[in-house]
Structures are given as structure tokens and as C-alpha cells.
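Counting convention: from 1, in listed order, for ligands and their atoms alike. Values below: all heavy atoms of this structure, side chains included; hydrogens, waters and symmetry mates excluded.
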Amino acid sequence: MPQNPAYLFVCLGNICRSPLAEGAMRLAAERAALDIAIDSCGTAAYHVGEPPDPRSVEVAAANGVDISGLKGRQLDREDFARFTHIFAMDHQNLRNIEAVRPPNATAEVMLLLDVVEGREGAAIADPYYDGEESFEATWEDVWAAAEALAVGLTRSG
Ligand code: 4NP
């Protein structure tokens, strides 16, 4: 029996991009009435236990999803068995994920934008050192991916 879909979104700090991706996926899944597991984490431990960056919280709220209650956590080896898919925001995240991938990993690991037609192989830029407009661009990227994932699941389900 195939496992139920379980999606993990991964960036560096788990305070800017991946919490937005988690929020976008929660919203897309709710709208499409999909019952899937969704989480996010960072490859680094800098922000473990912290809420998302206020700029991410704001752009998520403006788009209809509350991510203020999320807490940063670091990727761990069990994630490779717990999730069916692990989505990296950029190429460095992808390398960092592959570096800790255990031999018995079952999760498929890929760039998040690989699921968006025409954006395959592209990175979602880190908005941490940039202005608020960058967070809007991040939202557009993660929303495009969340919609594509939801459409894929609706077709396959
Ligand atoms: P994120 O952004 O990986 O999208 O959460 C960053 C957050 C924090 C840092 C870097 C990127 N940092 O260096 O603390």
C-alpha cells in the first residue's frame, strides 16, 4: 500500500521560506480538502524553538494563513522515513539534506520548484537579508508550488 502523502519543506533557518511553504501548503490542502501531513524545518539549528520571521508571518496573514504559532526545528534523520517527500528551497539546502540522508531513507528529495512547470531546477531565493517585497516574491513561489502539489494530489487521488 502506498503511504499517505507527507510533505516536509526545508530551508536553512526554518524562519523565512519553509514556514511560508508550510503555510501555503496548509492553505492549498484545506481548499482542496486534502488530508496530508505537512511540516517544515531547517538544515541549521540557529532558530530552533523560534517563531517565523515577522515578515513571513505578515505576508502569510495577508494571503489568508496564520503561521505565527509555528516553531523552528532542525531536520533530523527520522524525517527521511516519516515524510514521503522532502522539498528543498535552494540548491544549498538540497546539498545539506543529501549530506545527512540515511541509507534507509524512503523520502524523495527534490527542489520545491521542481513541481512547478517551467521552474524546474530553480531556487527560491533567501529573503532574510532583503526587504518585504522579497517576502512577497517568496510567497508567490511557495504558493505556485503548493497549488501544483495540490492539483497533483487531486488528480492522483
Ligand atoms: P530561511 O532564511 O532559511 O528562509 O529561514 C534564513 C533565516 C536565518 C538565517 C539565514 C536564512 N540566518 O543566517 O540566521
Side-chain angles (χ1 to χ4, degrees), residues 5-31 36-102 105 107-150 152:
Y7 293 164
L8 180 65
F9 300 92
V10 184
C11 62
L12 175 63
N14 194 209
I15 56 167
C16 297
R17 291 165 292 175
S18 61
L20 272 183
E22 177 179 347
M25 193 69 237
R26 289 192 182 284
L27 188 61
E30 186 189 313
R31 288 186 182 164
I36 58 174
I38 302 164
D39 196 9
S40 65
C41 68
T43 58
Y46 315 134
H47 299 284
V48 169
E50 292 178 22
D53 186 288
R55 297 165 295 180
S56 283
V57 172
E58 193 176 319
V59 78
N63 286 282
V65 62
D66 179 8
I67 61 166
S68 63
L70 300 182
K71 291 266 173 291
R73 76 166 179 93
Q74 190 175 19
L75 177 69
D76 74 51
R77 291 166 65 85
E78 279 166 23
D79 289 323
F80 291 87
R82 231 182 293 146
F83 292 90
T84 57
H85 294 76
I86 298 181
F87 297 109
M89 301 298 125
D90 65 29
H91 300 84
Q92 185 61 52
N93 304 149
L94 193 60
R95 284 191 290 275
N96 291 342
I97 295 165
E98 294 292 0
V100 295
R101 180 194 181 99
E108 199 176 327
V109 181
M110 67 184 86
L111 284 170
L112 181 56
L113 286 179
D114 283 347
V115 305
V116 180
E117 214 180 314
R119 307 281 308 275
E120 298 89 347
I124 298 182
D126 185 353
Y128 186 59
Y129 297 103
D130 298 331
E132 277 169 31
E133 328 75 62
S134 302
F135 283 75
E136 279 159 31
T138 306
W139 173 265
E140 310 236 317
D141 283 346
V142 298
W143 179 247
E147 274 195 309
L149 287 167

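Side-chain atoms of Arg55 come within 3.5 Å of backbone N or O of Asp130 as a donor-acceptor pair. Between the Asn14 side chain and the Arg73 main chain, a donor and an acceptor come within less than 3.5 Å of each other. Remark: the backbone N or O of Gly42 is not paired with any side-chain donor or acceptor of Gln74 at under 3.5 angstrom. Glu120 places a side-chain N or O within 3.5 Å of a backbone atom of Gly118 that can act as its donor or acceptor partner. Remark: side-chain polar atoms of Asp114 are paired, donor with acceptor, to backbone N or O of Gly121 under 3.5 angstrom.
Of the protein's non-hydrogen atoms, Tyr128 CE2, 3.6 Å is the one closest to atom 12 (N) of ligand 1. Among protein heavy atoms, atom 1 (P) of ligand 1 sits closest to Cys11 SG, 3.5 Å. For atom 8 (C) of ligand 1, the closest non-hydrogen atom on the protein side is His47 NE2, 3.4 Å.
A donor-acceptor contact closer than 3.5 angstrom is absent between the side chains of Asn93 and Thr43.
For Asp126, every heavy-atom contact with ligand 1 shorter than 4.0 Å involves the side chain, none the backbone. Proximity of Tyr129 to ligand 1, defined as any heavy-atom pair under 4.0 Å, is confined to the side chain (atoms from C-beta onward). For Met89, no heavy-atom contact with ligand 1 is shorter than 4.0 Å.
With respect to the salt-bridge test (charged N to carboxylate O, under 4.0 angstrom), the residues Arg119 and Asp141 qualify.
When every heavy atom of Ser18 is checked against every heavy atom of Phe9, the shortest pair comes out as CB-O, 3.3 Å.
For atom 5 (O) of ligand 1, the nearest non-hydrogen atom from the set Ser18, Ala44, Cys16 comes from Cys16.
When each atom of ligand 1 is checked for a heavy atom of Leu12 under 4.0 Å away, the hits are 3 (O), 10 (C), 11 (C). Near Gly13, meaning under 4.0 Å from one of its heavy atoms, ligand 1 places the atoms 1 (P), 3 (O), 5 (O). The ligand atoms of ligand 1 that sit less than 4.0 angstrom from a heavy atom of Ile15 are 5 (O), 7 (C), 8 (C).
For ligand 1, one of its N or O atoms has an N or O atom of Arg17 under 3.5 Å away.
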